[in-house]
Asker: 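Before I ask anything, here is the structure I am working with.
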Amino acid sequence: MKIAVIGQSLFGQEVYCQLRKEGHEVVGVFTIPDKDGKADPLGLEAEKDGVPVFKFPRWRARGQALPEVVAKYQALGAELNVLPFCSQFIPMEVINAPRHGSIIYHPSLLPRHRGASAINWTLIHGDKKGGFTIFWADDGLDTGDLLLQKECDVLPDDTVSTLYNRFLFPEGIKGMVQAVRLIAEGTAPRRPQPEEGATYEGIQKKETAMINWDQPAEAIHNWIRGNDKVPGAWTEACGQKLTFFNSTLNTSGLVAQGEALPIPGAHRPGLVTKAGLILFGNDDRMLLVKNIQLEDGKMMPASQFFKGSASSALELTEEELATAEAVRSSWMRILPNVPEVEDSTDFFKSGAASVDVVR
């Protein structure tokens, strides 16, 4: 089939590559404009293959599709639109143009967690099952007919990164390829999406990720891991914003003894221990946080919180030094505007995005 791929990131890049391996003709790739001089991985890969790449900053203006954009799309003659990870609003003139329509990947079991931040909300709600959906695009928000769904168990300490890397990324790529294969064979289903059980929570941002301490420990744990790594669950303590990462409810053998960390609104003060920071829910159950980020961006083991700059300098083994240099080289490729990666270089403040963690 002649396919137009509309999307971005490593996920979009991998779907694009696999579709070409399947023998499909990708007639055009539509991705986001370069950011800070850095091209998206999907666009870079397509350019290597000589596939036409378009980087429209927008497809619509004042609610209407831009005629010049639609004309460039239509000139490609695509028979199917594949949207593996698309953050732009694509007008219906483009969605409905191909004879096979458009299919979209969504990282939740629709109709649950429609909209943005679906992986975050799967964890925040403590869902025992997660997964992804490939559906036929319509004019609603993640409301189209279902083509394919695959589910997995959500592990007790899963974060957005672990769930994505373990299942949603690798299996999602396979799922998109399978969906296109079914369409090519004429056997792709169109099952109406039920409204029962539908949820929509909205995009999760740093300003909305503040921890509500008037909850049981499990709910606080789910909130922290559901915001880990981006945007990061935070609280006010010690006169600054502290962001918590790497939370677990597995506190067997832990003794609630340590240096007290007063947290406004918390049921009890936190306790800095050798294992990390012990926190308490309003049910008096414990959870353990292993990493803390300070307001200035510095990340540290939670067990070292009160030691701060007084802690001894990190000394790397020869093997770790080799790994550090390999990471440094990777960062140089990801951060084109940084002349040299130093020990003090901040990955995210230097222009990297959450998707670059996978890279």
Asker: Pairing donors with acceptors under 3.5 angstrom, does anything connect the side chains of Gln8 and Thr31?
Answerer: no
Asker: Should we count CD of Glu207 as having more than 12 external heavy atoms under 6.0 Å?
Answerer: yes
Asker: Are the side chains of Leu261 and Pro269 in contact, using a 4.5 Å heavy-atom criterion?
Answerer: no
Asker: Under the 3.5 angstrom rule, does the side chain of Asp36 hit a backbone N or O of Lys38 as a donor-acceptor pair?
Answerer: no
Asker: Can you tell which of Val272, Leu288, Leu287, Asn291 makes a side-chain contact (heavy atoms from CB on, under 4.5 Å) with Leu277?
Answerer: Val272
Asker: Verify side-chain contact (heavy atoms from CB on, under 4.5 Å) between Phe132 and His106, making sure each step is shown before the conclusion.
Answerer: CA-CA 6 Å; Phe132 64 85; His106 186 76; over 6 Å; no
Asker: Taking side chain as C-beta onward, heavy atoms only, is Leu147 less than 4.5 Å from Ile183?
Answerer: yes
Asker: Treating Asn165 as the side-chain partner and Ser161 as the backbone partner, does any N or O pair qualify as donor plus acceptor under 3.5 Å?
Answerer: yes
Asker: Is the ring pair Trp121/His125 parallel, tilted or perpendicular, if the boundaries are 30 and 60 degrees?
Answerer: tilted
Asker: What class does the angle between the rings of Phe11 and Phe169 fall in, given that below 30° is parallel, 30 to 60° is tilted and above 60° is perpendicular?
Answerer: perpendicular
Asker: Is there side-chain contact between Ile103 and Val180, with heavy atoms separated by less than 4.5 Å?
Answerer: yes
Asker: Is it true that a side-chain atom of Thr159 and a backbone atom of Arg225 form a donor plus acceptor pair closer than 3.5 Å?
Answerer: no
Asker: Is the count of non-hydrogen atoms from other residues, nucleotides or ligands lying under 6.0 Å from Glu185 atom CD greater than 12?
Answerer: yes
Asker: Test Arg20 against Val51 for side-chain contact (heavy atoms from CB on, under 4.5 Å), laying out the working first.
Answerer: CA-CA 11 Å; Arg20 281 174 54 91; Val51 173; 3.7 Å; yes
Asker: Is there a donor-acceptor contact under 3.5 Å from the side chain of Asn282 to the main chain of His267?
Answerer: no
Asker: Examine the side chains of Thr235 and Trp213 and answer whether a donor and an acceptor come within less than 3.5 Å of each other.
Answerer: yes
Asker: Looking at Lys206 and Pro231, would you say the former's side chain and the latter's main chain have a donor-acceptor pair under 3.5 Å?
Answerer: yes
Asker: Shortest non-hydrogen contact from Arg166 to Leu155?
Answerer: NH1-CD1, 3.6 Å
Asker: Does the side chain of Tyr73 reach to within under 4.5 Å of the side chain of Asn81, using non-hydrogen atoms?
Answerer: yes
Asker: Taking atom types as modelled, find out whether Gln193 and Arg114 have a side-chain donor-acceptor pair closer than 3.5 angstrom.
Answerer: yes
Asker: Look up atom OG1 in Thr273 and atom CD in Glu259, then write down how far apart they are to the nearest 0.5 Å.
Answerer: 11.0 Å
Asker: side-chain contact (heavy atoms from CB on, under 4.5 Å) for Ile104 and Cys86? Distances and angles first, verdict last.
Answerer: CA-CA 8 Å; Ile104 301 177; Cys86 182; over 6 Å; no
Asker: Strictly distance-based, threshold 3.5 Å: is any side-chain N or O of Asn120 a donor or acceptor partner for the main-chain N or O of Val230?
Answerer: yes
Asker: Checking Lys241 now: which residues fulfil side chain to side chain donor-acceptor pair (under 3.5 Å) with it, not counting sequence neighbours?
Answerer: none
Asker: Is a donor on one side and an acceptor on the other found under 3.5 Å between the side chain of Arg328 and the backbone of Val341?
Answerer: yes
Asker: Using side-chain heavy atoms (C-beta onward) and a distance below 4.5 Å, is Phe245 in contact with Lys290?
Answerer: no
Asker: Hey, does the side chain of Gln204 reach the backbone of Ser117 with a donor-acceptor pair shorter than 3.5 angstrom?
Answerer: no
Asker: Report the C-alpha separation of Leu242 and Leu294 in whole Å, then their side-chain angles, then the decisive distance to 0.1 Å, and conclude whether the side-chain contact (heavy atoms from CB on, under 4.5 Å) test is met.
Answerer: CA-CA 5 Å; Leu242 301 180; Leu294 306 183; 3.8 Å; yes
Asker: Decide yes or no for Ile278 and Thr251: does some side-chain heavy atom of the first lie under 4.5 Å from some side-chain heavy atom of the second?
Answerer: no
Asker: Can you confirm whether more than 12 heavy atoms, excluding those of Glu68, are under 6.0 Å from its CD atom?
Answerer: yes
Asker: Any donor-acceptor pair under 3.5 Å linking the side chain of Thr199 with the backbone of Arg112?
Answerer: no
Asker: Under the salt bridge (charged side-chain N to carboxylate O under 4.0 Å, His left out) rule, what do Asp153 and Lys129 come out as? Steps first, then yes or no, please.
Answerer: CA-CA 5 Å; Asp153 291 332; Lys129 294 286 184 181; 2.5 Å; yes
Asker: Between Phe244 and Leu279, is there a side-chain heavy-atom distance shorter than 4.5 Å?
Answerer: yes
Asker: If two hydrophobic side chains count as joined below 4.5 Å and joins carry through other members, does Val5 share a cluster with Ile95?
Answerer: no
Asker: Tell me whether Glu171 contacts the main-chain N or O of Cys152 through its side chain, where contact means a donor paired with an acceptor under 3.5 Å.
Answerer: no
Asker: Is it the case that over 12 heavy atoms from other parts of the model lie below 6.0 angstrom from the CD atom of Glu201?
Answerer: yes
Asker: To the nearest 0.5 Å, what is the distance between OG1 on Thr323 and CD on Glu325?
Answerer: 10.0 Å
Asker: My understanding is that only residues two or more places apart in sequence, or in another chain, count here; which of them pass side chain to side chain contact (heavy atoms under 4.5 Å, CB included) with Ser252?
Answerer: Asn250
Asker: Taking C-beta and beyond as the side chain, do Leu163 and Leu168 meet within less than 4.5 Å on heavy atoms?
Answerer: yes
Asker: Quick one: do the His221 and Ser247 side chains pair a donor with an acceptor below 3.5 Å?
Answerer: yes
Asker: When you compare the side chains of Asp158 and Thr162, does any donor N or O come within less than 3.5 Å of an acceptor on the partner?
Answerer: yes
Asker: Are Arg268 and Asp284 close enough for a salt bridge, meaning some N to O gap below 4.0 Å?
Answerer: yes
